[in-house]
Amino acid sequence: MKQVRLIIVGAGNRGTVYASYAKEHPERVKIVGVAEPRDFYRERMIKEHDIPEVSVFTDWKDLAKEEKFADAVIIATRDHMHREPAIKFAKKGYHILLEKPMALDEKGCKDIIKAVTGKKIIFAVGHVLRYTRYTKKLKEILDSGRIGDVISLQRLEPVGYWHQAHSFVRGNWRNEKESSFMLLTKSCHDLDWIRHIMGKKCKTVSSFGSLTHFNKENKPANAGDNCLECAYEPLCPYSARKIYLSFLKRGNTGWPVNVITSELTKGGIIRAIREGPYGRCVYDCDNDVVDHQVVNMEFEGGETASFTMTAFTKARQRETRIFGTKGEIYGNGTKIQIYEFLTGKSEIVDTSAKDPSSLADHGGGDYGLIHSFIEAVAENDPSKVLSGPEETLESHLMTFAAEKARKEGKVIELKH
Ligand SMILES: NC(=O)c1ccc[n+]([C@@H]2O[C@H](COP(=O)([O-])OP(=O)(O)OC[C@H]3O[C@@H](n4cnc5c(N)ncnc54)[C@H](O)[C@@H]3O)[C@@H](O)[C@H]2O)c1
């Protein structure tokens, strides 16, 4: 396999995760350039990958002005900053791995697809769930015909009560104007995954959901504005003090604690709760994204799928039931339980074995995606990519249509 020369645009969390593949497989990839405005993250990338100064930029726009000097680029900027760089780097002939979501609206997604189509470039989107050991095994079982034809599917995305409070009530994804709608920021992975598993185009969608609980009407009379000054706090499961200090108690100072403060002590956490956005009353924030939503889908051939996203769960592991003409499957992201109608045979397939790789997160999906992308570029073989332009556009269009269906109370037909 030839060594791929790769540029990282946006050396934050995701950019750094993907770049670490180059450290594990230096024979396959060399990071030869970076664009990142934040000094710490840029310097760290330069140091870890020995990037020459001429190939270091603080803004992707300056990097894009240069003559093409690498094979591929990873675009891992925040959601609103995907469309422009994707189009620009496609025009320059770079192979592209673009983080999800592709863009924040239908037009943005279509513009990107237009820019990458017809060029001899590999294009992949960060739908890591397609690349997990679990999904690959599940797809293999379905393709073997063991449960016959898939007629319907049911998927649950349990966000988790404290995760909802952290990210979607107090945190970065709480407000549509500041980020985007919940189905796009959190669940576009799921609609894409359902499309992948059904192996067919979606014809029609409907959706219901709202922000029912985390609003001012539900604020208890004796609640304060901050968890540290609140008479209701002992009875509140969403208390910031309870959430963040319980992580510290268990010795966990990674996510989500490191999101609220860089001072990873009891004092640091209390200060962040008192002074920052993460101590605000969950019933009195500027959040407007839904806390529960359902989407119903009909596929070509009449098969159906239903999806539920809800904040109100203990678990955070997605669950799926798949109903076939010859059997049934239950899966929870690691275990796949198969039941065959004819033989009455049950089997549990366990896909939870840990990878030795440092990119083992997302059930091996992060590793699977970057590995497939690099292989596709090195061998000039787009078929290695499971999240290419056509199906990714399709699943984004399903997501936008479902949100429109929810907002307008309509059943929406997708035009392919
Ligand atoms: N595939 C997944 O499972 C998954 C998981 C988490 C996040 N994401 C997506 O990945 C993307 C990045 O998320 P993140 O958590 O890494 O965010 P992040 O904020 O950690 O990283 C984004 C980086 O882009 C940099 N940036 C800003 N302006 C720039 C510019 N002009 N030129 C170059 N870089 C610039 C920022 O400084 C930051 O370091 C988002 O779109 C997010 O939705 C995907």
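All values below were derived from every heavy atom in this structure, side-chain atoms included, with hydrogens, water molecules and symmetry-related copies excluded. As the structure lists them, so they are numbered: ligands from 1, and atoms in each ligand from 1.
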* Aromatic rings Trp162 and Trp255: how do their planes relate, parallel, tilted or perpendicular, breaks at 30° and 60°? ->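 Ring orientation of Trp162 relative to Trp255: tilted.
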* Side-chain heavy atoms of Trp173 within contact of Met182, under 4.5 Å ->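 When only atoms from C-beta onward are counted, Met182 and Trp173 do not touch, as no gap falls below 4.5 Å.
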Quick check on contacts: which atoms of ligand 1 are under 4.0 angstrom from a heavy atom of [X]?
| X | value |
| --- | --- |
| Gly12 | 20 (O), 21 (O), 23 (C), 39 (O) |
| Arg38 | 20 (O), 37 (O), 38 (C), 39 (O) |
| Lys100 | 1 (N), 9 (C), 41 (O), 42 (C), 43 (O), 44 (C) |
| Ala35 | 33 (C), 34 (N) |
| Met81 | 28 (N), 29 (C), 30 (C), 31 (N) |
| Val128 | 3 (O) |

* Asked: Hey, looking at atom 22 (C) of ligand 1, which of Ala76, Gly10, Ser180 has the closest heavy atom?
  -> Ala76
* Asked: Of the choices Pro37, Ala64, Gly365, Pro101, which has the non-hydrogen atom that lies closest to atom 35 (C) of ligand 1?
  -> Pro37
* To do: May I ask you to establish whether Arg250 and Phe247 are in a cation-pi arrangement, using a distance under 6.0 Å from NZ or CZ to the six-membered ring centre and at most 45° from the ring axis?
  =>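 The answer is yes; both the distance and angle limits are met.
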* Asked: Among Lys100, Arg318, Arg195, which residue meets the salt bridge (charged side-chain N to carboxylate O under 4.0 Å, His left out) test with Asp190?
  -> Arg318
Could you tell me the residue and atom name of the protein heavy atom closest to [atom], and the distance to it rounded to 0.1 Å?
| atom | answer |
| --- | --- |
| atom 32 (N) of ligand 1 | Trp60 N, 3.1 Å |
| atom 17 (O) of ligand 1 | Arg78 CD, 3.4 Å |
| atom 23 (C) of ligand 1 | Glu36 OE1, 3.7 Å |
| atom 20 (O) of ligand 1 | Asn13 N, 2.9 Å |
| atom 42 (C) of ligand 1 | Asp79 OD1, 3.3 Å |
| atom 3 (O) of ligand 1 | His189 NE2, 3.2 Å |
| atom 4 (C) of ligand 1 | Arg14 NE, 3.5 Å |
| atom 11 (C) of ligand 1 | Thr77 O, 3.3 Å |

If you measure every N or O of [X] against every N or O of ligand 1, does any of those distances drop under 3.5 Å?
| X | value |
| --- | --- |
| Tyr41 | no |
| Gly126 | yes |
| Tyr18 | no |

* Is ligand 1 less than 4.0 angstrom away from at least one heavy atom of His82? -> yes
* Is there a donor-acceptor pair under 3.5 Å between the side chain of Thr399 and the backbone N or O of Ser395? -> yes
Classify the side-chain pair [X]/[Y] by whether it contains a donor and acceptor separated by less than 3.5 Å.
| X | Y | result |
| --- | --- | --- |
| Tyr18 | Glu99 | yes |
| Tyr131 | Ser387 | yes |
| Tyr238 | Arg170 | no |
| Thr310 | Thr308 | no |
| Trp193 | Thr135 | yes |
| Tyr278 | His166 | no |

* Structure fact -> d(Phe400 CZ, Cys188 SG) to nearest 0.5 Å is 8.5 Å
